[in-house]
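Read through the structure below, which is laid out as structure tokens, and then see the notes.
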Amino acid sequence: MKTAEIGTHIDQAAELLKSGQLVAIPTETVYGLAGNALDEKAILEIFKVKNRPKFDPLIAHTNHLDKVSDYLEEIPKQARKLAEAYWPGPLTILLKKKKTFPDLLTSGLPEVAIRIPNHPLTLELLSKLDFPLAAPSANPFGYVSPTTARHVAQQLGAHIPYILDGGSCTIGIESTIVGFDENEEPIVYRLGGMRLEDIEQVTGSVSVNLNRSSNPKAPGMLKSHYAPNKRLIIGDVKQLVVANQHHNTGIITFSEKLINFDPSKQIILSPQGSLDEAASQLFAALRRMDEIDVDLIITEKFPDEGLGKAINDRLKRASTG
Ligand code: TXA
Ligand code: MG
């Protein structure tokens, strides 16, 4: 079977993208499945390879806001301030688009999601292109996002020619998505790798709306998403382990080690208790649980602060169904 080449050749990746093909790219959050964001054919191919419904819009990645500003109606002052403070970084901003961005990219929505990712290989790649890159997370629709080139190869390797290998993603959880209402008040639509506290430092208090009504079906906002194949439950780990003794259980904890529990079926995301570290390990842990011999994943609620909020959001979505 044909499978993607994995490497660090930026020129090769650039040539493939210029010819309308798809390439998986590393970012600091998760790996993306990239194609020319101005080319409907490339966008269609992204939806196809991911098996993603067309009502779920894509994020356009660039290395400089100036490169896409001609394709945008306006950039609110608060948006510009956020961009200046945190780009490149794990923050996606919704901005009113002009026709240059195909409606297919935004699922017909008037705004386009824009992000400058913070990864040296991908920034160099973007600097060689005169178009932005549409890049959803490089996983089949509904599954856990990939944080290594190997994760991408395992699932999409047969469908794309090249994976640009940038190592393990340092943040490991998708970008935070922020938009602005008619009064230029910031609204967070997806919790992610940028802490709410950091956004508020720039904009003042933000509201959070994880069930956007204008496009209620857009995943990330869909309940069952970011989900491993195995059933996952959240609660007091020790109690749940006892209550589920008839199951072959795997556990994922924040920092605590369970004694008298098979260490090969136990993943501690951050023994030192760092939420940033836990976030960077979360998706690899969920994938690992799918690989090993367990039939139930037990995990716990994380502290509701910093990246703990995004971790809890992902776990909740993974636990539905
Ligand atoms: O960290 C990330 O954001 C990664 C990396 C590759 O950059 N990308 C990513 O893309 O997570 P994806 O497609 O898996 O998630 C994008 C989500 C959509 O599911 C949707 O919820 C939201 O972004 N989105 C995109 N465009 C939007 C728009 N115009 N209005 C509202 N939400 C939008
Ligand atoms: Mg995704």
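Both counts, for ligands and for their atoms, begin at 1 and track the order of listing. Atoms considered below: every heavy atom in the structure, side chains included; atoms not considered: hydrogens, waters and symmetry mates. Start at 1 with the first residue, then count along the sequence.
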Asp276 side chain to Ser274 side chain, donor-acceptor N/O pair below 3.5 angstrom: no
Ligand 1 versus Lys96: contacting region, heavy-atom distance under 4.0 Å: neither
Non-hydrogen atoms of Leu240 and Asn244 that approach each other most closely: O-ND2, 2.8 Å
Subset of ligand 1 atoms that lie under 4.0 Å from at least one heavy atom of Asp56: 18 (C), 19 (O), 20 (C)
Glu111-ligand 1 polar pair, N/O distance under 3.5 Å: yes
Path from Leu258 to Ile252 over hydrophobic side-chain contacts below 4.5 Å: no
Numbered atoms and elements of ligand 1 in range of Gly32, under 4.0 angstrom, heavy atoms: 6 (C)
Side-chain donor-acceptor contact under 3.5 Å, Gln155 with Arg287: yes
Gap between atom CD1 of Ile259 and atom CD of Gln266 - 0.5 Å precision: 10.0 Å
For the student: nearest non-hydrogen atoms of Ile171 and Pro90, plus distance: CD1-CG, 3.6 Å
Of the listed options Leu95, Leu94, Leu33, closest to atom 28 (C) of ligand 1 (non-hydrogen atoms): Leu94
Side-chain donor-acceptor contact under 3.5 Å, Asn312 with Lys316: no
Numbered atoms and elements of ligand 1 in range of His61, under 4.0 angstrom, heavy atoms: 5 (C), 6 (C), 7 (O)
Proximal ligand 1 atoms for Leu109, defined as those under 4.0 Å from one of its heavy atoms: 28 (C), 29 (N), 30 (N)
Interfacing atoms of ligand 1 (cut-off 4.0 Å, heavy-atom, Ala135): 6 (C), 8 (N), 10 (O)
Ligand 1 N/O within reach of Arg115 N/O, cut-off under 3.5 Å: yes
Nearest candidate to atom 9 (C) of ligand 1, where distance is taken over non-hydrogen atoms, out of Ser175, Gly179, Ser145, Ser137: Ser137
The Mg ion (ligand 2) to nearest N/O/S of Tyr226 less than 2.8 Å: no
Side-chain H-bond candidate by donor/acceptor type, Thr29 with Arg115, under 3.5 Å: yes
Pair Glu84 + Lys81: basic N to acidic O under 4.0 Å: no
Close N or O approach (Thr29, ligand 1; < 3.5 Å): yes
Atom indices of ligand 1, in the order listed, that fall short of 4.0 Å to a heavy atom of Ile177: 17 (C), 22 (C), 23 (O)
